[in-house]
Amino acid sequence: MPTFNDSMSQQAQAPIPIVAIEHAAEHVGGVVTIRGWLYNMRESGKLLFPIFRDGTGVMQGVVSLKENPEAFAALKGLTQESSVIATGKIQAEPRAPGGCEIHISVVEVVQRVPESNPYPIQLKEHGVDFLLDQRHLWIRTPRQASILRIRAEAVRAARNFMDGQGYTLTDAPIFTPAACEGTTTLFEVNYIDDQKAYLTQSGQLYVEATAAALGKVYTFGPTFRAEKSKTRRHLTEFWMLEPEAAYAHLDDMIELAEGLVSAIVQSVVQNRARELATLGRDVARLAKIVPPFPRISYDEAVKVLQKAGNPAKWGDDFGGDEETLLSKEFEKPVVIHRYPSAMKAFYMATDPVRPNLALSFDMIAPEGGGEIIGGGERQSSYETLLRRIREANLPEEAFQWYLDLRRYGSVPHAGFGLGLERTVAWVCGTEHIREVIPFPRMLYRVYP
RNA sequence: UGGGGCGUGGUCCAAUCGGUAGGGCACCUCACUGUUAAUGAGGACGGUGUUGGUUCGAGUCCAACCGCCCCAGCCA
């Protein structure tokens, strides 16, 4: 027990700082408190090596029975993922993973995981199905936590970039009266008083309205597609960032897309180096992602594919194989522009020089990252747009507000949609998109 | 929705030709003062997705169903 004088002198000193593990190395030689969970523990005789994690990183602790029997007793036999608050001196230690470790002097166990029902996720191998069932716990592992931090950094970088370019965030609704992509992939919901509504597939139509109101705008939010696709690059719920600008043309949007993607990548490289290292990502490849990106026309892309032995012919859309083949030709994301309009959405503008082409573009990420952006110039003529809506058998009444945008001061305008998860999956180098969103929603999976 | 693959203790896997269902990890105990997903010794728990069929005998062969994975289509 400290004497009265001891506690007086302690009060005169600075209090022990509570630090995040990611900043622990800045406190070498000092005493700090860390608050987190027991990630793992190794034992060696009368020495314990508890590994703590706090969400910002992991750090090894060390405690010896001889020097600190109380802390030793508190940690001895402590179960994985028990929550703990530990205080001790940070010391540089080449033998410790991470370069420094904490010499524990005081330990408080906040909650002890009972032996009768131990933490289900081991440090060793697990199958995908099991891990997805345990997603609420899986996100505690260093790899998953790193991915989620990179996702957050990507979002921050994207919004900073858009705001810096003079774009205003204008959120689009999630309940919508009609489709804006294919009608077969709509999630239908019962709205009030037997009305039907649908979860949005894209903020596109609404962002065209706000572009006419504010000039340069973007939306960022979740979108929903009931696609029956079980591939490594599909989610039924995913986040999209969709810029739209009045008086903008195709090339303006390609330039904006290049700037946006490189801003995201460079921001992650600069601010999330530790997390990229945890993932084992090749940072040198990411560092090269700066504008300008290679741009090829659809015509040229078909020739590139044919030269590489792919059976693609003019008029075909590109699938996963074709995307991978094209992206291998370049170290940076590649922009493919002016697709045949037959394969594009009803609202796409046609090329005045070659009316069978749409003023559209896709951006394909390198290293097999797939399509991360799709966009282009919109159809600004009232008559053409109405005809397209009728040709697509879309409910005309539901699109009256959208047609108003062409009745009242229609202007050339363009935009695109960036798939957040596909972008983050590429930046992280993850094999499957399901790892880059906290709780993935996929075909036949809505738990947890 | 098509094509292919797979379902075995909590978890990751093995089981020859159809012939006694087994191991690693996790959990518990002990040893070890520098471990690196520690190691060594011991212990406890516990299983063939479901239904039916063939057979003396089925984890294994057959059929249907259920679930999962990968690829394709569609897209971000």
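This structure is a prediction, so every number in the text was calculated from the model and none was measured.
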By the 4.0 Å heavy-atom rule, please label A/F238 as base, sugar-phosphate, or nothing. base
Distance between C1' atoms of B/A14 and B/G73 (Å, rounded): 38 Å
To the nearest 0.5 Å, what is the distance between CG (A/D316) and CG (A/N310)? 9.0 Å
Counter-base of B/G10, judged by Watson-Crick or G-U geometry with both distances under 3.5 Å: B/C25
Which nucleotide in the set B/U11, B/A37, B/U35 lies at the smallest distance from any side-chain heavy atom of A/Q122? B/U11
Side chain of A/T79: nearest nucleotide among B/C28, B/C75, B/C12? B/C28
B/U1: pairing nucleotide in any strand, Watson-Crick or G-U under 3.5 angstrom: B/A72
base_contact_polar (B/C75 base, A/H234 side chain, donor-acceptor, <3.5 Å): yes
Side-chain N or O of A/R434 less than 4.0 angstrom from OP1 or OP2 on B/C70? yes
Grab the two heavy atoms, one from A/A245 and one from A/Y167, that are nearest each other, plus how far apart they are. CB-OH, 3.6 Å
Within the structure shown, what part of the strands sits under 4.0 Å from A/E43 by heavy-atom distance: base, sugar-phosphate, or nothing? base
Whole Å only: how far is the CD1 atom of A/I121 from the C1' atom of B/C27? 16 Å
Over all strands shown, is A/E101 touching base, sugar-phosphate only, or nothing at heavy-atom distances under 4.0 angstrom? base
Hey, are A/E81 and A/R53 close enough for a salt bridge, meaning a charged N less than 4.0 Å from a carboxylate O? yes
For B/G18 versus B/G57, give the span between their C1' atoms, rounded off to a whole number of Å. 8 Å
Length of the line joining A/H103:NE2 and B/U33:C1', which is rounded to integer Å: 13 Å
Atom P, compared across B/C45 and B/G23: separation rounded to whole Å: 14 Å
Applying a 4.0 Å non-hydrogen cut-off, can you work out what A/Q134 is touching in the nucleic acid: base, sugar-phosphate, or nothing? nothing
Contact class for A/Y444 (heavy atom, under 4.0 Å): base, sugar-phosphate, or nothing? sugar-phosphate
Paired nucleotide for B/C65 [Watson-Crick or G-U wobble; both distances under 3.5 Å]: B/G49
Which whole number of Å gives the distance between the C1' atom of B/G43 and that of B/C6? 34 Å
A/F224/A/Y198 aromatic ring centres below 6.0 Å: no
May I ask which nucleotide in the shown strands pairs with B/U35, Watson-Crick or G-U wobble, both distances under 3.5 Å? none
Is any side-chain N or O of A/R42 closer than 4.0 Å to OP1 or OP2 of B/G34? no
What integer number of Å spans the P atoms of B/C27 and B/U11? 15 Å
Does a side-chain N or O from A/K124 land closer than 4.0 Å to OP1 or OP2 of B/A26, or not? no
Which nucleotide wins on minimum distance to the side chain of A/T231, given the candidates B/C27, B/A72, B/U11? B/A72
For RNA chain B, what residues of residues 354-369 of chain A have any heavy atom nearer than 4.0 Å? none
Quick check for you: among B/C70, B/G34, B/C75, whose closest atom lies nearest to any side-chain atom of A/H432? B/C70
Base, sugar-phosphate alone, or nothing: which one does A/P97 contact when heavy atoms must sit under 4.0 Å apart? base
Would you kindly compare A/E115 and A/Q60 by the position of their nearest RNA chain B nucleotide and give the one closer to the 5′ end? A/E115
Side-chain-base donor-acceptor pair under 3.5 Å for A/R422 and B/C75: yes
C1' gap between B/G53 and B/A41, integer Å: 49 Å
Return the 5'-most residue of the pair A/N40, A/R233 with respect to RNA chain B, ranking by each residue's nearest nucleotide. A/N40
Verify the neighbour count for atom CD of A/E67: are there more than 12 heavy atoms of other residues, nucleotides or ligands below 6.0 Å? no
Among B/C12, B/G34, B/C74, the one nearest A/R95 by side-chain distance: B/G34
Please say whether more than 12 non-hydrogen atoms of neighbouring residues, nucleotides or ligands are located less than 6.0 Å from CD in A/E331. no
Measuring only the C1' atom in each nucleotide, how far is B/G24 from B/A37? A whole number of Å is fine. 13 Å
With rounding to whole Å, what would you report as the distance between B/U54 and B/C66 at their C1' atoms? 23 Å
Under 4.0 Å between any heavy atoms, over every strand shown, what does A/G319 touch: base, sugar-phosphate, or nothing? Just pick one. sugar-phosphate
Using a 4.0 Å heavy-atom cut-off across all strands, classify A/L235 as base, sugar-phosphate, or nothing. base
